[in-house]
Number of protein chains: 2
Amino acid sequence: MARRDEPQQSRAELRERVLTALRELLRERTFDTLSVADIITAAGVSRASFYFYFAGKQAVLAELVRRAVGAGHEAAQPWVQAAADPRETLRAGIDAGAELWLANAAVLRAIVETWASDPQLRELWLAQMETFTDATITRIEADRRANPAVAARLDGVDVQALAASLTWTGERLYYLAACGVPPFDDRAVLVDTLTHLWVSALYD
Amino acid sequence: MARRDEPQQSRAELRERVLTALRELLRERTFDTLSVADIITAAGVSRASFYFYFAGKQAVLAELVRRAVGAGHEAAQPWVQAAADPRETLRAGIDAGAELWLANAAVLRAIVETWASDPQLRELWLAQMETFTDATITRIEADRRANPAVAARLDGVDVQALAASLTWTGERLYYLAACGVPPFDDRAVLVDTLTHLWVSALYD
DNA sequence: ACGCTGACCAGACACGGCGTATGGTCGGGC
DNA sequence: GCCCGACCATACGCCGTGTCTGGTCAGCGT
């Protein structure tokens with residue numbers, strides 16, 4: 001027994017097989033309905049090997065999330081760094097976020113539904129949100145210094161809290177969109193609404 | 001055996017014992033870590049009786065949620081019905097929401113973390129959010145008719161989507177507050193920020 | 001006084017998922 | 001030629017679920 005199905009698959013690319021197997025499975029079923037048996041069957045990997053490389057299915061999901069979200073920071077960069085007319089770059093950033101969520105809907109949906117129940121995932125996701133919040137704060141403070149109107153508008157406002165709430169609003173609406181909950185399943189509506197919230201909270 | 005521990009507890013108040021037992025347990029542990037065994041032990045009820053009255057622990061949670069949220073509609077009523085100066089009544093409504101979440105933090109937290117994984121709970125929670133969204137729409141439309149400035153501000157805006165997004169933003173921030181995630185664990189910050197988002201999106 | 005019925009109980013069951021342990025097979029480096 | 005590390009199948013103990021069985025108790029009608 002113990003024959004190699006794929007004779008010459010390079011060694012530690014077995015990890016990769018597990019990761020892509022989970023990513024594929026998530027396109028059809030939700031994370032909580034997936035068992036380790038499902039994953040290793042799809043990956044063509046033994047139970048023992050699975051537990052050698054991963055602490056459990058949460059660990060696999062964590063890795064997928066880290067990868068999926070790496071691209072997220074770049075998506076937000078234009079708005080964070082741009083100097084002029086925030087409204088347009090902001091909208092572009094929100095649209096890029098929608099794109100990112102669309103591309104990784106299955107994985108992101110899984111973590112949003114799971115982070116509360118697992119310490120590792122919780123820390124990962126909270127840290128992730130904090131990263132976006134920090135980027136937002138940086139940009140807001142820059143606007144505040146450069147633009148008296150913005151400074152006036154934000155007078156007495158807790159910028160940290162405002163940035164965090166905008167970040168989390170994004171998380172929620174993108175998530176609902178990924179779930180197909182109306183009216184956010186319509187991408188144009190999603191982007192318009194989110195943009196309206198950000199613009200009116202910060203600049204109007 | 002089979003002696004009645006509480007000799008003369010009226011009959012179908014056994015249901016109630018289960019409900020309050022879960023509510024109490026949720027004050028200390030999260031829903032997903034609770035087993036049916038835990039619940040029936042705390043309630044002093046047999047496994048068979050439990051399954052006679054409830055389809056599972058989700059069904060118990062669903063009932064707790066329905067009760068907890070009934071009070072929520074009343075909390076929102078002042079703002080929905082009030083004719084004048086929305087800002088103050090709006091803030092009062094948001095504060096009442098915080099109060100409601102504080103009082104029922106354990107139950108509400110449980111459903112927010114669980115509704116994605118159970119069809120019944122999903123329908124329940126989505127319907128709940130829709131109810132709040134509808135109330136918000138009603139109020140916004142009234143403002144729009146009564147106040148030209150509001151009408152101008154909301155020109156071309158999808159009111160339905162805006163109302164829904166504000167509702168879900170509330171859900172998220174109240175939830176984070178219940179989880180003790182900063183900066184929302186500070187109630188004043190929470191209410192200020194949420195109020196700022198609503199006011200700037202609708203009236204400013 | 002009797003027995004029936006309905007509410008309730010304890011306990012056990014089959015099932016399925018989890019995480020670990022065992023023993024064995026293969027390929028490649030020395 | 002051999003040894004080691006990567007990998008496999010299998011099975012185990014544990015725990016939670018939902019169902020089923022058999023039995024105890026109260027109240028009520030007769």
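Note on naming: letters A, B, ... go to the chains in the order of the sequence lines (proteins, then strands), and numbering restarts at 1 for each one. Computed from a prediction, not measured in an experiment: that's the story for all the values here.
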**Q** Once side-chain hydrogen bond (donor to acceptor under 3.5 Å, both in side chains) is applied, do any residues pair with T20(A), and if so which ones, sequence neighbours excluded?
**A** none
**Q** Find the distance R17(B):CZ to dA7(C):P and express it as a whole number of Å.
**A**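 My rounded result for the distance is 15 Å.
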**Q** Any side chain to side chain donor-acceptor pair (under 3.5 Å) pairs touching residues 173-186 of chain A, not counting sequence neighbours?
**A**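 Every side chain to side chain donor-acceptor pair (under 3.5 Å) pair that includes a residue of residues 173-186 of chain A, provided the two are not neighbours, is E113(A)-Y175(A).
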**Q** Which residues satisfy the ring pair (Phe, Tyr, Trp, His ring centres under 6.0 Å) test with F31(B), sequence neighbours excluded?
**A** none
**Q** Between the two ends of the helix from dA1(C)-dT30(D) to dC30(C)-dG1(D), what is the bend in degrees, rounded to 10 degrees, where each end axis spans five pairs?
**A**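 Nearest ten degrees gives 20° for this helix.
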**Q** Using side-chain hydrogen bond (donor to acceptor under 3.5 Å, both in side chains) as the criterion, list what pairs up with W168(B), not counting sequence neighbours.
**A** none
**Q** Tell me, please, which residues at least two apart from R23(B) pass side-chain hydrogen bond (donor to acceptor under 3.5 Å, both in side chains).
**A**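 R23(B) satisfies side-chain hydrogen bond (donor to acceptor under 3.5 Å, both in side chains) with no other residue.
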**Q** Measure the distance from CD1 on I40(B) to P on dA10(C) and round it to the nearest whole Å.
**A**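 One finds 8 Å between P of dA10(C) and CD1 of I40(B), rounded.
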**Q** Find every protein N or O atom lying less than 3.5 Å from an N or O atom of nucleotides 15-18 of chain C, and list the pairs.
**A**
from: dC18(C); atom 1: OP2; to: V36(A); atom 2: N; distance (Å): 2.9

**Q** According to a strict under-4.0 Å criterion, is S46(A) in side-chain N/O contact with OP1 or OP2 of dC7(D)?
**A** no
**Q** Separation of I39(B) atom CD1 from dT17(D) atom P, in whole Å?
**A** 8 Å
**Q** Report yes if at least one side-chain N or O of Y53(A) is closer than 4.0 Å to OP1 or OP2 of dA6(D); otherwise report no.
**A** no
**Q** Tell me every residue that passes ring pair (Phe, Tyr, Trp, His ring centres under 6.0 Å) with F50(B), counting only those two or more places apart in sequence or in another chain.
**A**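 If we apply the ring pair (Phe, Tyr, Trp, His ring centres under 6.0 Å) test to F50(B), skipping adjacent residues, the hits are F54(B).
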**Q** What's the CG-P distance between D32(B) and dT17(D), to the nearest Å?
**A**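 For the pair D32(B) CG and dT17(D) P, the rounded distance is 11 Å.
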**Q** Take atom CZ of F52(A) and atom C1' of dA9(D), then tell me their distance rounded to the nearest Å.
**A**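 After rounding, the gap between these two atoms is 18 Å.
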**Q** What do the steps show when you test R144(B) against E141(B) for salt bridge (charged side-chain N to carboxylate O under 4.0 Å, His left out), and what is the final call?
**A** CA-CA 5 Å; R144(B) 200 184 213 172; E141(B) 292 296 357; 3.5 Å; yes
**Q** For T41(A), what residues pass the side-chain hydrogen bond (donor to acceptor under 3.5 Å, both in side chains) criterion, not counting sequence neighbours?
**A** none
**Q** In this structure, how many angstroms lie between the C1' atom of dT10(D) and the CZ atom of F50(A), rounded?
**A**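 It is 18 Å, rounded to the nearest whole Å.
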**Q** Pick one: which of L154(A), I137(A), T133(A) meets side-chain contact (heavy atoms from CB on, under 4.5 Å) with L162(A)?
**A** L154(A)
**Q** In this structure, how many angstroms lie between the P atom of dA6(D) and the CZ atom of F54(A), rounded?
**A**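 Distance check: F54(A) CZ to dA6(D) P gives 15 Å.
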